[in-house]
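Quick note on labels: first sequence line is chain A, next is B, and so on, each numbered from 1.
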Number of protein chains: 2
Amino acid sequence: MRDAVRRALEVCPVEVGIAVAGGDWKLTTVSKLADGPLRFGELQRAVGPVSAKTLTRQLRALETDGVVLRTVYPEVPPRVTYELTEAGRELATIATLLGRWSERFVPRPGPDAVSEYGPAS
Amino acid sequence: MRDAVRRALEVCPVEVGIAVAGGDWKLTTVSKLADGPLRFGELQRAVGPVSAKTLTRQLRALETDGVVLRTVYPEVPPRVTYELTEAGRELATIATLLGRWSERFVPRPGPDAVSEYGPAS
DNA sequence: CTGTATCCAACAGGATACTG
DNA sequence: CAGTATCCTGTTGGATACAG
């Protein structure tokens, strides 16, 4: 994503923010880390149905952009923890605001609103 | 993006926010509209190097998600304006926060930091 | 446990040409 | 003016298999 950030810098600060935080799972990851460090597996379960490959890439991008800190413990079996940096904690507050915004303004479909088609009767 | 929103609803509110606001140019568009309605052409110039196709799609998604309101005036030549809804105005404040966050925490490369390589001496 | 490598389908976004 | 249609390329992200 670093390239995306460089491109965004040519446009406007808001776009830079999107370049850093915009990927799927990225802000969710940050918000899950707001309560404290998590190991890779814990994080994957907490975030939801994200593949290891994608989560890894997003975490690497967040690390490059200074949002998360990755710590490897030289143990067997290996243990790796992720935690927010100062920048990450600030970003987490924005993530919270965005979550609240979506709860207020994005219409939630009813429980049985299965696409356009109702359940077969 | 509506499908993306539906999928995000299964995960968490933060992800819904990203589904709505996460595309390239989207939050920048919202922030440009914060100062008042703009016509399509004005908006395109204001946002930056975005193609008409992409801007159109993002605007349609934002309209579907209740962030912007599109008004067509039956004139020749045609005139179309875009303005923020209440949800859009709230989202714009978050966009501003995200922009400020990026200014504070995302390192700006120096003017002559051309990739990894310095200028030929 | 924490990833990486590979393959693959879907999507995003620019360029260009064209329409009402 | 405000798009749409088409073509094209690069990226995204899951699935699976494998590695240290």
**Message:** Below the 4.0 Å mark, does C/dT2 have OP1 or OP2 next to a side-chain nitrogen or oxygen of A/Arg79?
**Reply:** no
**Message:** Pick the closest DNA chain D nucleotide for A/Trp25 and for B/Glu42 by heavy atoms, then say which residue is nearer the 5' end.
**Reply:** B/Glu42
**Prompt:** If we ignore angles and hydrogens, is there a donor and acceptor under 3.5 Å between the side chains of A/Thr28 and A/Ser31?
**Reply:** no
**Asked** For C/dG14, does OP1 or OP2 lie under 4.0 Å from any side-chain N or O of A/Arg7?
**Response** no
**Message:** Counting only side-chain heavy atoms from C-beta out, which of D/dG13, D/dC1, C/dT2 sits nearest to A/Pro78?
**Reply:** C/dT2
**Request:** Consider the side chain of A/Lys53, meaning its heavy atoms from C-beta on, and name the nucleotide among C/dG3, C/dT2, D/dG13 that approaches it most closely.
**Result:** D/dG13
**Message:** Applying salt bridge (charged side-chain N to carboxylate O under 4.0 Å, His left out) to A/Glu103 and A/Arg100, what does each step give before you reach the verdict?
**Reply:** CA-CA 5 Å; A/Glu103 289 179 326; A/Arg100 278 211 271 272; over 6 Å; no
**Request:** Provide, to the nearest angstrom, the distance between the CZ atom belonging to A/Arg70 and the P atom belonging to C/dC1.
**Result:** 16 Å
**Message:** Taking the minimum atom-to-atom distance to the side chain of B/Arg57, which one of C/dT2, D/dG13, C/dG13 wins?
**Reply:** C/dG13
**Prompt:** For the side chain of A/Val80, counting heavy atoms from C-beta on, which of C/dT2, C/dT6, C/dA15 is nearest?
**Reply:** C/dT2
**Fill in**
Out of D/dA2, D/dT4, D/dG13, minimum distance to the side chain of A/Gln58 belongs to D/dG13
**Asked** If only side-chain N and O atoms of B/Thr54 are considered, is one of them under 4.0 Å from the OP1 or OP2 phosphate oxygen of C/dG13?
**Response** no
